[in-house]
Amino acid sequence: MDDVEKAILISFDESGAIDAALKSQAVSFCQQIKETPTVCCLCIEKLCFCRLVQVQFWCLQTLHELIRVKYALLSLQEKDFIRKSVFSMCCFEAIDDQNNNAVRILEGGPAFIKNKLAQVFVAFVYFEYPLIWSSVFVDFLPHLGKGAVVIDMFCRILNALDDELISLDFPRTSEEMGVAGRVKDAMRQQCITQIVAFWYDVVSMYWNSDPDLCSGLLDSMRRYISWIDIGLIVNDLFIPLLFQMILVDGGSDQLQGAAAGCVLAVVSKRMDHRSKLSILQSLQINRVFGLVTGDGDSELVSKVATLITGYAAEVLECYNWVNTDDAKGVSLELLNEVLPSVFYAMLNCELGTTFSIVQFLSCYVATMKNLCPLREKQLRHVHQILEVICAQIRYDPVYRDNLDMLDKIGREEEERMSEYRKDLFLLLRSVGRVAPDVTQIFIRNSLASSISSLSERNVEEVEASLSLMHALGESLSDEAIRTGSGLLHELVPNLLSTRFPCHSNRLVALVYLETITRYMKFVQENTRYVPMALAAFLDERGIHHPNFHVSRRASYLFMRAVKLLKAKLVPFIEKILQSLQDTVVRFTTMNHISNEFSGSEDGIHIFEAIGLLIGMEDLPLEKQSDYLSSMLTPLCHQVEALLINANVLNPEESPVKIANIQHIIMAINALSKGFSERLVTMSRPAIGVMFKKTLDILLQILDVFPKIEPLRNKVTSFIHRMVDTLGASVFPCLPKALGQLLAESEPKEMVGFLLLLNQLICKFNASMHHIVEEVFPAIASRIFRIVSTEELPLGDGTSSEEIRELQELQKTLYTFLHVIATHDLSSVFLSTKSRSYLDKIMHLLLHSACNHKDILVRKVCVQIFIRLIKDWCTRPYGEEKVPGFQRFIIDGFAMNCCFDSTLDKSFEFHDATTLILFGEIVLAQKVMYEKFGDDFLAHFVTKCFTSAHCPQDLASQYCQKLQM
């Protein structure tokens, strides 16, 4: 063993026994050898005399790289030497006939060495066939008589040629596509007929005695059928031979599968659809139908099933493309013949990855739309399609426990199935449109079968049946559900009254609740089923289900049902509240630790449902007051107790207590959603008093926990709610509440504070003047300390959380200023305390109106200026309400925003949003002319149009338009 061989062995070592430094040195040494001028001679020599497979692989790999990368740099002698040597090796000839110790790679060499040799051979084909080495395949064919070893090598070369150059399964460059076309054209013209004849001769001679050899040969042949003359395969010799191999009893599964693959290649070959239909008809594919009933896990059954489904897809495509009645009749006959086996294969066999069950069935269902009314045979097919859908959406029992516990594996499987089911449910919708009665009967029978089972072991079947029912509901109109069309009048009551043995399973319970919610409009129309629906939500199937995830989801779905049924639930309110008492108690106990509800509001949906129920005017005032008091009093008592003891909380208790307060506020907030402003302020003010007292208690939280951001956010949210609920009666609470919220506000909290003020101003308009006047100086002071009057940076380079918060605050500020200006509150800017900020506000608005990257922000700023001009400027020559404002508008706003900014390249007139901004700018010019008269026009013409070198006549025309 010389140094080269040692270095190669060391570089390939994966045992870990070799020192890393030595291995690195060996790799470097091998790389240096690759760069030497004589490397090709060295490689050929090693391939002739060295039996070490690592050395053989390294040499072949080096030759492959040499040809692929440096072909143009090789001399003619080097190319000729490598070409002859590689060809001799592939043909099982010794390169050096004089040396008896010469190695023949094909003799006992491992498969990966032969495959690498085939790659080197194909590299020469890439560069030299047919222009330089035109006889490569013709020269090879005579050597095939040497027997199996050369035949096998030739098949490997054909496979490598397909993998490396011809197959479209891999991305190709335009150059590679061109070379592939050149090679295929040359082979069609020169040698493909002889190669096909060789395939036939070998297979017909050896398929009994050497099935492995024939299997490999058929696999090579399958790759080439797509682009050779189909007549070379579809004839009285080859097709009978292929079916003979497929149908032989006790034969090699591998050989039978390879033959089936060749027939599938014939079936799938692109050609004229009339010619394709003739070939499909001639194949008599029904001969192989019986094979799919064997062992569904065997390779043969899988290959035959793939053949049958591929055949069916091609027949269906022919049916859709042929345009004569005779051809359509033949297609339909072939389709009807193959479909039973296709459905069986879909249900029982593993199909090839290239076949899409959903795609094929969707195409067939689309075809059936043209066959209405459906014949008996098509109706049977619809039933079988539904069986396939039901089987395909079924979870694997292997994941049952994972899905029930919802661990990591369970979550991944649920997400995978959720995505996988989407297309299947779309298919179900299509089937339901084509054959609604058959679809509903199938679902009814599926549910009936699930209900009748007393075993808990059919979890997956039950879940699939319920999912079908739910998907059916998703495809029906609200009117169809409301009237109970078809079998719904039977299906929905059965569903509501059912208690499955496996109802404790999370998936079954969830899909059951989702399904009855989907059909709740039927219950709304048929009120006799209301008690059954309530029972499903309130018993152990729903809110009282042992699984927390189910119980939480049930609360949300129950709230949705209450929103829909509302007045129809009045007779049942007492019973509902009694049933929910234990759920409510969980929020009214001092020992409640809300880990379950952390980060989620699902838990409080039950309070929203209760609020919707007890907030109806259909209830007597006395009962309504009692119900509300029974909900609010314990919650408020708990808050008061926590606030009293806040100073003595130890650090470990504090987070839990704060979490308790958060969830109590959320619960009260949700509860209040059921009460309208009209009810609590006009028809039943006593209810309003109860909410007012609750608000007073919750505002105390800001005194005790002034810096706890989650609590501040929850209280702010509740104030929002009370503004809508209590109306003007919330006013007495506002000054103190706003003062507390404004103190210590961070940018993110300031956004929430401004949004609250926006809501108040929009609701109460000028009534908010005094309050806004009081808080505005503090707001302006705080904001201008943290927000620049220039535009904040935007873009990927400034995406930090802090910058994002500041950008959000600045954007909200513009909205706040806009709300003030457009609700008759612009005088707030001129108050004694606020006047010192007027200059900063005007410059911020002007800069943003001219330069802000967000066109909508620029539009808002222009609208603010329009309103301020209307409010602060009298008609021409009147007394100035705000000294200097008119000159600021004419010199700054008119020039910079209403003219210069529109000439900037960022002002894109083809953009719809920009056109809206331009409309506001034109309106601003009209308002300025209305208020400032000729003073504005003279300045506009002199400064703006003249500086832009605009012709005088155009400037005059524009000014005339403004005056119209």
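Heads up: numbering here begins at 1 and tracks the sequence.
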Just by distance, do the side chain of [X] and the backbone of [Y] share a donor-acceptor pair under 3.5 Å?
X: Q256; Y: V248; result: yes
X: T38; Y: C41; result: no
X: S282; Y: I279; result: yes
X: K269; Y: I225; result: yes
X: R380; Y: P340; result: no
X: T324; Y: A327; result: yes
X: E387; Y: F343; result: no
X: T309; Y: T306; result: yes
X: Q56; Y: C50; result: yes
X: Y224; Y: L158; result: yes

Can you tell if the side chain of [X] reaches within under 4.5 Å of the side chain of [Y], non-hydrogen atoms only?
X: F137; Y: Q194; answer: no
X: S167; Y: R172; answer: yes
X: Y399; Y: M417; answer: no
X: V86; Y: L117; answer: yes
X: F127; Y: K79; answer: no
X: I285; Y: L280; answer: no
X: N336; Y: Q378; answer: yes
X: I195; Y: I228; answer: no

Could you list all the ring-ring contact (aromatic ring centres under 6.0 Å, His included) pairs where at least one residue sits in [range], not counting sequence neighbours?
range: residues 303-336; answer: H273-W321
range: residues 245-266; answer: none
range: residues 150-176; answer: F140-F154, F154-F198

Sequence neighbours excluded, every pair satisfying salt bridge (Lys or Arg N to Asp or Glu O under 4.0 Å) that has a member inside [range]:
range: residues 232-252; value: none
range: residues 125-136; value: R83-E128
range: residues 315-324; value: R270-E317
range: residues 7-17; value: E14-K23

Taking everything shown except [X] itself, do over 12 heavy atoms lie less than 6.0 Å from its [atom1]?
X: M177; atom1: CE; result: no
X: K146; atom1: NZ; result: yes
X: D325; atom1: CG; result: no
X: E35; atom1: CD; result: yes
X: E337; atom1: CD; result: yes
X: E333; atom1: CD; result: no
X: R287; atom1: CZ; result: yes

Just jot down the side chain to side chain donor-acceptor pair (under 3.5 Å) partners of [X], sequence neighbours excluded, or say none.
X: K377; value: none
X: D423; value: none
X: H64; value: none
X: S215; value: none

Pair V315-V338, side-chain contact (heavy atoms from CB on, under 4.5 Å): steps then yes or no: CA-CA 9 Å; V315 172; V338 73; 5.5 Å; no
Sequence neighbours excluded - side-chain hydrogen bond (donor to acceptor under 3.5 Å, both in side chains) pairs with any residue from residues 107-117: Q61-K116, N115-R156, K116-Q119
Test side-chain contact (heavy atoms from CB on, under 4.5 Å) applied to F12 and F57, step by step: CA-CA 10 Å; F12 276 104; F57 183 85; 3.9 Å; yes
Gap separating the [atom1] atom of [X] from the [atom2] atom of [Y], nearest 0.5 angstrom:
X: S362; Y: I357; atom1: OG; atom2: CD1; result: 11.0 Å
X: L424; Y: I385; atom1: CG; atom2: CD1; result: 12.0 Å
X: L168; Y: D162; atom1: CG; atom2: CG; result: 9.0 Å

Test: R223 and D163 ion pair at under 4.0 Å: yes
D185 and R182 ion-paired at < 4.0 Å: no
Shortest non-hydrogen contact between C262 and M221, atoms and distance: SG-CE, 3.9 Å
Non-hydrogen atoms of A7 and F29 that approach each other most closely: CB-CD2, 3.4 Å
Chi angles and distances behind the side-chain contact (heavy atoms from CB on, under 4.5 Å) call for Y364, H381: CA-CA 10 Å; Y364 179 58; H381 292 165; 2.7 Å; yes
Verdict with supporting geometry, I33 and W58, side-chain contact (heavy atoms from CB on, under 4.5 Å): CA-CA 11 Å; I33 294 172; W58 185 88; 3.8 Å; yes
Ring centers of F289, Y344 separated by less than 6.0 Å: no
